[in-house]
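Every chain is numbered from 1 and lettered A, B, ... according to where its sequence line falls, protein lines coming before strand lines. Side-chain atoms are counted along with the backbone in the values below, which use heavy atoms only and exclude waters and symmetry mates.
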Amino acid sequence: MADEPLFDPSLKKKKKKAVAFTEDPLGAEADPTAPAPETIDNTTTSGEPVDLGPTTAHEQMKMNGEGEDDDFKAMFGDLKKKKKKKEIPMDLGDNDSGTSTPTAGGPTPAITEDLDFSDIKKKKKKSKKAALDMEAFEKELSGSKSKSTGDDDDDVEMEHNPNLDIDDADLENDPFAQPIDVPVGVDSGNEPWLSSDRDYAYPELLSRFYTLLHAANPALLSSSSQKRYTIAPPSIHREGNKRSIFANVTDICKKMHRQPEHVIQFLFAEMGTTGSVDGAGRLVIKGRFQQKQVENVLRRYIVEYVACKTCKSMDTLLTKENRIFFMSCESCGSRRSVNAIKSGFQAQVGKRSKNKPA
Amino acid sequence: MSVQNLNSIDPFAEEEILQGTENVGSSLEYIHIRIQQRNGRKTLTTLQGLPTQYDPKKLLKAFKKEFACNGTLVDDDKMGQVIQLQGDQRSKIATFLTENGIEKATIKVHGF
């Protein structure tokens with residue numbers, strides 16, 4: 001990625017370049033990284049069209065607690081994500097039976113295309129990620145060609161596929177979904193607790209609720225996964241041997257609605273370095289940094305200073321009152337104070353004589 | 001007749017006491033693990049905010065042996081004693097501390 005054109009204004013326009021992550025709880029689940037949850041066995045399996053698709057949303061909610069960070073990690077769709085992505089086929093196998101979670105990139109692209117339309121967003125997200133990190137992308141290409149290409153195709157189709165619902169309907173009858181695996185205790189169309197005389201567990205009921213809910217109104221699912229927070233990946237390039245340039249810092253700050261000074265202060269504190277802003281509004285950072293590294297730091301910034309802890313919205317404002325920063329959420333109205341940025345201990349690096357104030 | 005200034009409660013003293021209790025009782029003090037770049041691809045890792053019940057000297061010795069790196073103990077005016085290790089030992093330190101009974105939530109790993 002580092003050798004891509006540095007400050008490309010077209011970068012933003014290209015959808016694929018855009019970094020994507022979902023803020024709403026549904027988004028978290030969308031990533032295939034989540035191990036196939038136990039919820040599967042509760043969902044009715046074969047025959048029942050009701051169950052198709054929406055379980056995912058619920059799982060998301062469930063995972064939300066732990067998965068929060070993942071969510072943010074997904075934002076830039078970096079290598080880590082990539083690696084996880086390779087687990088997908090496994091996921092698919094697990095999930096498909098009852099839930100038909102639209103995990104992308106199954107073993108054969110054709111099948112996944114059929115399966116996946118219940119949730120378009122997820123697909124897109126994934127493929128975007130795929131496009132994002134070129135290195136990883138290539139790696140993946142070599143690793144599993146069919147998978148990634150399938151994703152890409154999907155991406156294109158996604159945008160203007162009018163038949164989504166039809167596909168969804170197909171999905172119900174799809175013979176492929178059922179036979180893969182049926183969890184042990186599940187009879188066709190029955191909740192597991194019906195066959196035994198045990199009490200139903202809370203998570204089971206919860207998942208049942210969500211399956212029914214989303215089956216009843218699929219609009220809920222799609223509309224909520226609509227929102228996604230995207231920012232262009234930071235464009236980092238090297239100036240000379242010891243300095244890195246963060247070219248689109250102002251763009252990113254604008255997108256996050258934050259003062260560049262605040263963001264820069266955070267970057268410097270986190271990376272334990274110093275730097276300056278040059279005439280063209282680019283940030284010159286002392287030390288060698290790669291795009292991935294800066295992405296990580298930015299992600300942490302977003303978690304701490306941009307995302308609303310209550311509703312996960314990115315639509316927040318940061319204001320300073322009495323030397324304390326407050327973050328107020330525009331969408332849910334919550335307000336909280338955020339930590340001041342502290343750089344902490346800075347070790348002595350380089351020549352001591354230079355640091356002495358004479 | 002009481003003069004306010006001569007009251008037994010000295011506001012400054014109170015302040016000090018208050019601060020003292022804050023520092024002692026604050027369980028929210030994080031252990032910060034940071035990284036800094038040096039020349040070329042060299043880095044160093046700093047650990048700041050170690051709880052007082054741990055002996056930094058012994059910990060440093062354990063770190064050095066465990067991670068096979070050198071390190072030193074730096075006295076900072078504000079931050080107190082800071083452990084400084086050669087190389088990027090952030091994840092190793094974090095796992096080491098968690099394995100030895102420090103809660104993960106209190107450890108903050110900084111850097112890229």
Side-chain angles (χ1 to χ4, degrees), chain A residues 2 65-66 68-69 73 76 78-80 233-234 236 238 240-244 246 265-275 283-301 303-304 337-352 354-355, chain B residues 22-23 26-52 56 59-60 63-64 69-91 93-94 98 103-112:
Chain A
E66 320 127 25
E68 202 174 311
D69 264 343
K73 270 176 203 154
F76 291 94
D78 65 349
L79 252 178
K80 233 193 229 162
I236 303 292
R238 187 78 61 76
N241 204 15
K242 294 187 173 172
R243 273 178 292 180
S244 311
F246 183 174
Q265 197 191 350
F266 181 83
L267 285 176
F268 286 161
E270 266 314 271
M271 300 194 291
T273 182
T274 54
L283 180 64
V284 183
I285 308 170
K286 215 171 140 196
R288 300 180 189 184
F289 294 97
Q290 286 161 356
Q291 193 203 19
K292 214 175 20 169
Q293 299 172 318
V294 180
E295 265 180 31
N296 276 329
V297 179
L298 270 180
R299 213 173 279 149
R300 237 177 289 159
Y301 179 84
V303 172
E304 194 148 350
S337 64
V338 291
N339 295 332
I341 299 171
K342 281 185 211 151
S343 62
F345 174 73
Q346 288 291 318
Q348 167 76 46
V349 175
K351 286 186 178 170
R352 268 167 213 276
K354 279 185 185 169
N355 281 9
Chain B
E22 231 174 61
N23 285 341
S26 62
S27 56
L28 272 173
E29 276 306 312
Y30 287 111
I31 301 173
H32 297 277
I33 302 172
R34 292 198 175 77
I35 188 168
Q36 260 180 291
Q37 286 196 337
R38 289 180 52 219
N39 315 341
R41 51 181 299 178
K42 295 178 183 174
T43 52
L44 57 85
T45 311
T46 61
L47 182 141
Q48 171 206 323
L50 194 71
T52 40
L59 197 64
L60 175 66
F63 279 159
K64 285 163 74 167
C69 66
N70 208 345
T72 179
L73 207 56
V74 181
D75 278 317
D76 193 83
D77 326 337
K78 289 176 207 155
M79 318 295 179
Q81 288 196 305
V82 178
I83 292 179
Q84 190 172 309
L85 296 171
Q86 291 179 1
D88 182 1
Q89 318 285 355
R90 287 174 300 162
S91 53
I93 292 179
T98 44
E103 282 214 26
K104 208 176 178 188
T106 62
I107 301 175
K108 254 195 180 176
V109 180
H110 298 265
F112 25 84

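Of the listed residues Gln36(B), Met79(B), Arg38(B), His32(B), the one with more heavy-atom pairs under 4.5 angstrom with chain A than any other is Gln36(B). In terms of non-hydrogen atom pairs under 4.5 Å with chain B, the most contact-rich of Lys286(A), Gln346(A), Glu270(A) is Glu270(A).
The backbone N or O of Ala347(A) sits nowhere less than 3.5 Å from a side-chain atom of Arg34(B) that would complete a donor-acceptor pair. Checking side-chain atoms of Gln37(B) against main-chain N and O of Thr273(A) turns up no donor-acceptor pair under 3.5 Å.
Residue contact with chain B, scored on non-hydrogen atoms closer than 4.5 Å, is absent for Gln290(A). Only the side chain of Leu44(B) comes within less than 4.5 Å of a heavy atom in chain A; its backbone stays farther off. Contact annotation for Lys42(B): neither backbone nor side-chain heavy atoms come within less than 4.5 Å of a heavy atom of chain A.
Within a 6.0 Å radius of CZ in Arg243(A), no more than 12 heavy atoms belonging to other residues, nucleotides or ligands are found.
Separation of atoms CZ (Phe266(A)) and NE2 (His110(B)) is listed at 8.5 Å; rounding is to 0.5 Å. Interatomic distance, OG1 of Thr72(B) versus CD of Gln348(A), reported as 12.5 Å (0.5 Å rounding).
Of all the heavy atoms in Lys108(B) and Asn339(A), the pair that sits closest is NZ-ND2, 4.2 Å.
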